[in-house]
Amino acid sequence: MRSFLLSAFAIALTTGQASSADLYMKYKLYAVGLPIGSGVLNVDLDNTSYSIDASGGTAAFGKLVSDGKGNVSVRGDNTGGQLSPQKFSLDVNSEDETGTITMQMSKGALKKVAVNPPQDRMNERIKVTRDHLKNVLDPLTAAVFPAPKGLSKESCNRTLSLFDGKERYNVHLSYKSKRNARTADGRFNGKVLVCRARYEPVAGHRPKRKTIQELAKNKSMEIWLAPVGDKPFLVPLRASITAPFGPLVVKAEKYKLSK
């Protein structure tokens with residue numbers, strides 16, 4: 001999957017056990033209505049720091065989604081409700097891609113990155129410059145939205161400037177509506193924000209690649225955001241995109257707050 005799908009759907013490409021995290025969510029992933037994966041998201045938030053962990057995999061779905069498994073985690077600072085990543089790591093093993101990425105960051109700036117194996121076809125890619133790597137987030141931190149105004153339109157209307165260790169891209173979010181939503185376990189039952197999402201490649205990508213062009217033109221992407229208890233943050237309860245083969249949907253089945 002492309003970088004944006006990692007950002008929007010990484011939380012659903014995981015499996016694991018419940019932990020003592022502040023928030024535990026279990027998701028299911030569907031392609032054209034068929035279940036092809038499940039997973040968990042564990043989030044810990046306190047007044048000065050945060051951590052997010054996920055691990056697991058997806059099942060093959062024809063030639064559209066490959067078998068894969070991996071681990072992803074991030075640690076960072078929480079300053080007045082704003083999350084700033086310090087250490088990010090990704091270890092993935094799939095039919096499409098195998099490798100590791102580690103990043104060290106400080107105050108939104110990349111300090112060090114290690115990609116193994118190195119990215120290929122560099123002569124075909126837009127070069128990532130130092131200016132591209134200022135005021136950026138990793139894709140996992142981006143799954144937890146600072147929202148001091150709660151379920152207001154302003155919580156949707158934002159641009160996420162993301163870097164995954166290889167590619168720099170933006171995700172533009174805009175308010176669409178509010179609606180009621182419920183998880184299968186019934187532990188979440190309330191209002192959510194529905195945000196439109198649009199992917200914009202910036203650097204590190206191959207601009208002539210068809211999948212990049214199609215994703216940048218795709219206007220079907222949507223994310224539903226739910227509160228994290230009484231904390232000033234929102235997390236995805238559902239994410240969807242209509243791909244060339246049909247709809248790809250991630251939705252939360254379980255929602256558990258420990259505090």
> Is there a chain of hydrophobic side chains (I, L, V, M, F, W, Y, each step under 4.5 Å between heavy atoms) that links Tyr199 to Tyr175?
Replying inline: yes
>> Just verifying a value: how many Å separate Ile223 CD1 and Cys156 SG, rounded to the nearest 0.5 Å?
In response: 8.5 Å
> His172 and Glu200: which non-hydrogen atoms are nearest, and at how many Å?
Replying inline: NE2-OE1, 2.6 Å
>> Would you say CG of Asn47 has more than 12 non-hydrogen atoms from neighbouring residues, nucleotides or ligands within 6.0 angstrom?
In response: no
> Does the pair Ser220 and Asn218 meet the rule for a side chain to side chain donor-acceptor pair (under 3.5 Å), with working shown?
Replying inline: CA-CA 6 Å; Ser220 71; Asn218 196 310; 2.5 Å; yes
>> I'd like to check Val128 versus Phe163 (side-chain heavy atoms, cut-off strictly below 4.5 Å). Are they in contact?
In response: yes
>> Quick one, Val115 and Lys166 - any side-chain contact, counting heavy atoms below 4.5 Å?
In response: yes
> Roughly how far apart are Leu237 CG and Arg179 CZ, rounded to 0.5 Å?
Replying inline: 10.0 Å
>> Would you compute the distance between atom NZ of Lys134 and atom CZ of Arg130 and round it to the nearest 0.5 angstrom?
In response: 9.0 Å
>> side-chain contact (heavy atoms from CB on, under 4.5 Å), that's the test. Do Val192 and Lys178 meet it? Break it down for me.
In response: CA-CA 6 Å; Val192 298; Lys178 288 184 185 179; over 6 Å; no
>> Please give me the minimum heavy-atom distance between Glu167 and Gly204, naming the atom from each residue.
In response: CG-O, 3.6 Å
>> Would you say that Met103 contacts Leu110 through its side chain, given a criterion of any heavy-atom pair below 4.5 Å between the two side chains?
In response: yes
>> Taking Asp120's backbone N and O only, do any of them form a donor-acceptor pair with Arg125's side chain (distance below 3.5 Å, no angle check)?
In response: yes
> Can a donor-acceptor pair be found between the side chains of Asp185 and Thr183 at a distance below 3.5 Å?
Replying inline: yes
> Are Val235 and Leu225 side-chain neighbours, meaning at least one heavy-atom pair lies under 4.5 Å?
Replying inline: no
> What closest approach, in Å, do Leu234 and Ala147 show between heavy atoms, and which atom pair accounts for it?
Replying inline: CG-CB, 3.6 Å
>> Are Val113 and Val74 linked, directly or through intermediate hydrophobic residues, by side-chain heavy-atom contacts shorter than 4.5 Å (ILVMFWY only)?
In response: yes
> Quick one: are Leu23 and Asn42 in side-chain contact, heavy atoms under 4.5 Å?
Replying inline: no
> Does some side-chain heavy atom of Met105 sit less than 4.5 Å from a side-chain heavy atom of Gln86?
Replying inline: no
> Side chains of Arg158 and Pro146: does their closest heavy-atom pair fall under 4.5 Å?
Replying inline: yes
> Has the side chain of Arg75 got a donor or acceptor atom that lies under 3.5 Å from a matching backbone atom of Ser51?
Replying inline: no
>> Assess the residue pair Lys26 and Glu253 against the criterion (salt bridge (Lys or Arg N to Asp or Glu O under 4.0 Å)); give the C-alpha distance rounded to whole Å, side-chain angles, the decisive distance to 0.1 Å, and a yes or no.
In response: CA-CA 6 Å; Lys26 185 173 183 178; Glu253 301 284 319; over 6 Å; no
>> Testing the basics here: between Ala143 and Pro236, what is the closest heavy-atom pair and its distance to 0.1 Å?
In response: O-CD, 3.0 Å
> Is the NZ or CZ atom of Lys251 both under 6.0 Å from the centre of the six-membered ring of Tyr30 and within 45° of that ring's axis?
Replying inline: yes
> How long is the gap from OG on Ser106 to CD on Gln104, to the nearest 0.5 Å?
Replying inline: 10.0 Å
> What heavy-atom pair brings Ser174 and Asn157 nearest, and what distance separates the two atoms?
Replying inline: CA-OD1, 3.3 Å
>> When you measure from the side chain of Asp22 to the backbone of Leu45, do you find a donor-acceptor pair of N or O atoms at a distance under 3.5 Å?
In response: yes
> Is a side-chain donor-acceptor pair under 3.5 Å present for Arg168 with Asn170?
Replying inline: yes
> Same hydrophobic cluster for Val92 and Leu162, using side-chain heavy-atom links shorter than 4.5 Å among ILVMFWY?
Replying inline: no
> Roughly how far apart are Leu215 CG and His205 NE2, rounded to 0.5 Å?
Replying inline: 11.0 Å
> Counting N and O atoms only, with roles assigned by atom type, does the side chain of Asp91 sit under 3.5 Å from a partner on the main chain of Asn71, one being a donor and the other an acceptor?
Replying inline: no
> After noting the C-alpha distance and the side-chain angles of Lys208 and Glu124, does the key distance pass the salt bridge (Lys or Arg N to Asp or Glu O under 4.0 Å) rule?
Replying inline: CA-CA 8 Å; Lys208 294 183 179 180; Glu124 300 177 18; over 6 Å; no
>> Under a 3.5 Å threshold, yes or no: a donor from one side chain and an acceptor from the other, between Thr102 and Ser89?
In response: no
> To the nearest 0.5 Å, how far apart are CG in Leu137 and CD in Gln82?
Replying inline: 9.0 Å
> Between the main-chain N or O of Val249 and the side-chain N or O of Ser240, is there a donor-acceptor pair closer than 3.5 Å?
Replying inline: no
>> For a side-chain contact (heavy atoms from CB on, under 4.5 Å) check, start with the C-alpha distance between Leu90 and Leu140, then their side-chain angles and the critical distance, and finish with the verdict.
In response: CA-CA 10 Å; Leu90 171 69; Leu140 197 55; over 6 Å; no
> Would a 4.5 Å heavy-atom cut-off, applied to side chains only, mark Thr159 and Leu173 as touching?
Replying inline: no
> Do Gln213 side-chain atoms and Pro207 backbone N/O form a donor-acceptor pair below 3.5 Å?
Replying inline: yes
> Can you list the steps and then say if Ile212 with Arg206 is a side-chain contact (heavy atoms from CB on, under 4.5 Å)?
Replying inline: CA-CA 7 Å; Ile212 288 288; Arg206 292 154 53 196; 5.8 Å; no
> Pro139 and Tyr169: which non-hydrogen atoms are nearest, and at how many Å?
Replying inline: CG-OH, 3.6 Å
> Is Leu257 linked to Leu41 within one hydrophobic cluster, defined over Ile, Leu, Val, Met, Phe, Trp and Tyr using a side-chain heavy-atom separation of less than 4.5 Å?
Replying inline: yes
>> Tell me which one of Asp77, Thr141, Asp44 satisfies side chain to side chain donor-acceptor pair (under 3.5 Å) with Tyr50.
In response: Thr141
>> Check for me, please, whether Val202 and Val136 land in the same ILVMFWY cluster - side-chain distances under 4.5 Å, paths through other members count.
In response: no
>> Between Val250 and Lys28, is the side-chain contact (heavy atoms from CB on, under 4.5 Å) condition met? List the steps.
In response: CA-CA 6 Å; Val250 172; Lys28 284 190 176 180; over 6 Å; no
